[in-house]
Student: 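Below you'll find the structure I mean.
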Protein chains: 4
Amino acid sequence: MKTFDRIVYGSLALFNEHGVNDMTTNHLAAHLGISPGLLYYHFRNKEDIIRSIFNLYEEHLNAGFQPYQDEKLDVALFIGYFDTMFETVWKFRFMYSNLTTILNRDQEISKRYKLTQQQALDRSSQILHKLKADGVLAIDSDRVTPLADTMRMIAGFWIDYKQTHSSSKHVTKAFLYEGLLRVLMLFRAHSTPEYCAMFTRLEQHYQQLMNSYATPDTDSESALMPI
Amino acid sequence: MKTFDRIVYGSLALFNEHGVNDMTTNHLAAHLGISPGLLYYHFRNKEDIIRSIFNLYEEHLNAGFQPYQDEKLDVALFIGYFDTMFETVWKFRFMYSNLTTILNRDQEISKRYKLTQQQALDRSSQILHKLKADGVLAIDSDRVTPLADTMRMIAGFWIDYKQTHSSSKHVTKAFLYEGLLRVLMLFRAHSTPEYCAMFTRLEQHYQQLMNSYATPDTDSESALMPI
Amino acid sequence: MKTFDRIVYGSLALFNEHGVNDMTTNHLAAHLGISPGLLYYHFRNKEDIIRSIFNLYEEHLNAGFQPYQDEKLDVALFIGYFDTMFETVWKFRFMYSNLTTILNRDQEISKRYKLTQQQALDRSSQILHKLKADGVLAIDSDRVTPLADTMRMIAGFWIDYKQTHSSSKHVTKAFLYEGLLRVLMLFRAHSTPEYCAMFTRLEQHYQQLMNSYATPDTDSESALMPI
Amino acid sequence: MKTFDRIVYGSLALFNEHGVNDMTTNHLAAHLGISPGLLYYHFRNKEDIIRSIFNLYEEHLNAGFQPYQDEKLDVALFIGYFDTMFETVWKFRFMYSNLTTILNRDQEISKRYKLTQQQALDRSSQILHKLKADGVLAIDSDRVTPLADTMRMIAGFWIDYKQTHSSSKHVTKAFLYEGLLRVLMLFRAHSTPEYCAMFTRLEQHYQQLMNSYATPDTDSESALMPI
DNA sequence: AATGAATGAGCATTCATTCAT
DNA sequence: AATGAATGAATGCTCATTCAT
């Protein structure tokens with residue numbers, strides 16, 4: 001792998017594990033087995049590294065979150081959305097954990113982040129509107145965007161919340177599926193009677209997945225990479 | 001006021017405004033009009049100050065969140081809960097914004113925080129169970145705790161979420177009421193048909209309050225202190 | 001002596017000896033026997049130290065260069081001016097050696113330096129005009145300021161020039177008196193016939209002083225402090 | 001042009017514009033459109049580049065400053081000398097601006113510089129002696145070398161002095177002619193009555209040139225290249 | 001000749017903490 | 001209780017120089 005990419009992906013991993021603040025550029029270089037100078041040969045400064053990671057984040061978000069068109073409206077469709085949602089949050093979880101710090105320190109990222117999030121929210125709202133039109137959701141029109149926003153918030157802060165509110169530090173798939181079930185619960189609470197069963201089935205699907213991964217402390221490090 | 005308390009309350013205010021990381025102990029002392037030495041006369045270190053703030057947080061949480069007993073089950077009861085909920089989050093908002101940092105740096109606070117949160121969750125669950133028994137909520141028993149947990153999460157991260165996802169940095173009451181409405185939306189989605197009207201009324205109540213405070217950029221600093 | 005003053009005077013000495021660029025803040029602290037932190041406790045940054053040295057420079061310049069009033073126009077008067085001129089340049093010689101660097105790096109000092117120099121030039125011109133009126137100098141009015149300016153330039157860059165153009169690095173009094181004689185030569189070349197003898201006498205005075213100090217390489221370090 | 005020469009001439013231009021300290025070897029390479037490695041293929045280190053520039057400087061100095069022989073002793077002769085003098089200083093102005101730094105960092109250049117300067121001073125003195133013999137200058141024999149030395153100093157530090165003592169940073173021809181006029185003033189002050197008129201005429205010549213270029217802030221970049 | 005990735009010692013500066021008074 | 005000078009390890013970053021290709 002190119003050094004540039006090694007730095008981007010390595011920093012992403014280290015930021016995820018230790019947080020942006022605790023991961024100094026010298027530590028970063030040491031962990032990557034390179035000199036501090038090389039880091040600054042490829043990137044102007046620490047923020048510049050984060051900006052490159054943010055590029056990946058944007059790609060992920062834009063790629064995985066498009067309104068459905070001709071796809072059949074079934075369990076698989078939802079599974080696709082949910083998996084994408086939590087996978088993205090997981091892969092870039094340092095961003096959510098250190099959001100305030102990151103956005104305060106870099107005006108450019110701040111702008112891009114807000115734009116990206118607005119677009120993601122717009123697309124999510126579209127999807128929910130379509131689900132309402134397709135008879136899946138029973139919900140007032142003016143509640144669609146707030147609902148999408150709440151779901152986004154739950155997905156975004158779930159890892160952070162869970163890590164700070166549970167005894168185990170390690171994040172497992174079981175961990176993530178629990179968050180997913182919360183979003184699902186929101187869906188179910190707003191679903192039409194006809195589709196309630198589908199959401200129940202989805203819940204069972206993820207409940208089973210969650211249980212199958214629920215081997216709390218014996219999880220190896222590699223097992224943490226989810227989905 | 002005793003110097004000890006001046007430090008505790010002053011630090012709380014300064015942490016809320018500037019964040020734990022940006023507020024150095026020297027700045028803290030300077031803002032409080034005392035010497036750095038005096039800070040360390042009263043507290044062993046920075047974490048020790050946070051621990052004292054945490055004592056206040058615990059009191060607040062325990063005082064304001066008791067299951068209702070003989071009170072009439074009406075709008076006022078809910079308003080009481082909701083106001084307490086968001087007031088607590090507001091008063092100690094630095095804790096939520098810097099939760100990961102704080103808990104990672106201090107094992108003792110980490111343990112106490114988790115215990116406190118567990119107790120708060122237990123009491124919240126009790127309240128929801130009672131609401132179910134009293135015919136307010138239509139919800140499976142095993143969904144009560146997850147619902148309470150989701151509500152807690154929304155309340156806890158709302159300020160953080162809103163500050164990072166909206167263009168205005170200032171936190172206003174309107175700001176907080178919007179979060180409250182989201183929790184209310186969750187209640188409403190799980191309410192029995194009989195009580196749906198009550199939640200709609202509650203929504204109208206907070207919607208009005210929110211609108212009355214919605215004077216975006218003309219808010220003076222003092223107006224920001226909510227509830 | 002107060003730490004603040006120790007830093008100011010110590011830095012002045014070290015800047016004079018090693019130059020501003022080669023004298024890092026860490027070296028500065030080490031040479032002064034203090035920690036880097038203490039340096040930054042008393043001064044915001046390196047420029048701030050230079051600014052404090054500049055205060056001394058301004059005092060020196062303003063104190064020693066006032067137009068004469070009731071004083072007798074004799075050899076002693078000139079000796080007073082000349083000694084002040086070269087003493088100032090000697091004491092703050094790092095400023096002249098690193099002038100471009102210093103002024104480029106600090107807008108504030110740049111402004112103050114130019115103002116100070118303009119004032120010094122104005123006062124010098126006044127003195128020369130008075131000397132012309134008193135029958136000492138035979139010179140067109142419009143050449144007075146250029147002459148004063150040339151003298152200033154010679155005095156200002158003499159040490160720098162001499163250090164870079166002679167084999168011995170050490171600056172001795174003999175060294176400085178040679179520069180003084182150059183300024184004197186300028187005076188003499190523009191003097192009236194009546195006063196030519198006085199300038200010759202002044203030259204002899206400084207020539208003798210110069211010779212008495214002319215023991216090139218045996219000068220001890222302390223002997224370098226001139227005038 | 002050979003890469004070697006491109007580096008030499010390019011570095012000269014960049015050092016003149018930005019100073020030796022601010023022009024890093026990496027910037028140098030970037031500006032020249034070559035790799036840092038190539039720089040170090042042709043030169044051992046930064047000092048080595050300066051040494052090669054110094055070769056050009058020596059050639060310039062030696063070529064342009066030979067005592068006159070059969071030439072007619074007129075205005076044109078002086079114009080030739082003066083123009084050469086200031087042209088050389090201009091073309092290698094970075095050397096004067098950073099003289100202390102350069103000489104301190106490289107013993108070899110230091111020795112060569114001093115030798116070169118001594119030779120130039122000797123030749124200048126010869127010229128002045130000849131001018132005295134030809135009845136142009138009225139000056140004691142033992143003042144000839146000091147006078148030549150003072151002139152050299154004024155020429156050498158003029159740009160530096162002017163840049164640090166005037167508000168405009170840009171160096172224009174008008175700028176340089178002012179310095180030339182100062183040297184001329186020295187000549188005139190030591191001239192015989194017969195030749196005084198000639199120096200006055202020379203002053204008028206340069207005064208006119210200076211005025212013709214005196215368009216302070218509208219000078220385009222290219223107009224800055226003088227003489 | 002030429003590239004450009006890589007090095008590592010060094011720089012200005014910060015900040016939680018200590019301690020003599 | 002209180003001061004405030006003092007510490008020193010650490011931080012983000014720079015730059016002359018090297019070296020495999």
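Every chain is numbered from 1 and lettered A, B, ... according to where its sequence line falls, protein lines coming before strand lines.
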Student: Between E:dA1 and F:dT21, how far apart are the P atoms? Round to whole Å, please.
Tutor: 23 Å
Student: Any sub-3.5 Å donor-acceptor pair from A:K91's side-chain atoms to A:L12's backbone N or O?
Tutor: no
Student: Both distances below 3.5 Å, Watson-Crick or wobble geometry, any strand: find the nucleotide opposite E:dA1.
Tutor: none
Student: Step through it carefully: locate the ring centre of B:Y113, locate the ring centre of A:H165, and say whether they are under 6.0 Å apart.
Tutor: yes
Student: Is any side-chain nitrogen or oxygen of A:T3 closer than 4.0 Å to OP1 or OP2 of E:dA6?
Tutor: yes
Student: Round to a whole Å and report the spacing from CG of B:L32 to P of F:dA1.
Tutor: 16 Å
Student: Please give, in whole Å, the distance from E:dA6 C1' to A:F4 CZ?
Tutor: 16 Å
Student: How long is the line joining CG of C:L28 and P of E:dC11, in whole Å?
Tutor: 12 Å
Student: Between D:R6 (side chain only) and D:L32 (backbone N and O only), is there a donor and an acceptor less than 3.5 Å apart?
Tutor: yes
Student: Backbone N or O of B:M23 within a donor-acceptor pair of the B:H27 side chain at under 3.5 Å?
Tutor: no
Student: Strictly distance-based, threshold 3.5 Å: is any side-chain N or O of A:D106 a donor or acceptor partner for the main-chain N or O of A:I109?
Tutor: yes
Student: Tell me yes or no: between the side chains of A:R51 and A:N45, is some donor less than 3.5 Å from an acceptor?
Tutor: no
Student: For every nucleotide of nucleotides 7-14 of chain F, 5' to 3': is a protein heavy atom under 4.0 Å from its base (B), only from its sugar-phosphate (S), or from neither (-)?
Tutor: BB--SBBB
Student: May I have the distance from C:H42 (atom NE2) to E:dT13 (atom P), rounded to whole angstrom?
Tutor: 16 Å
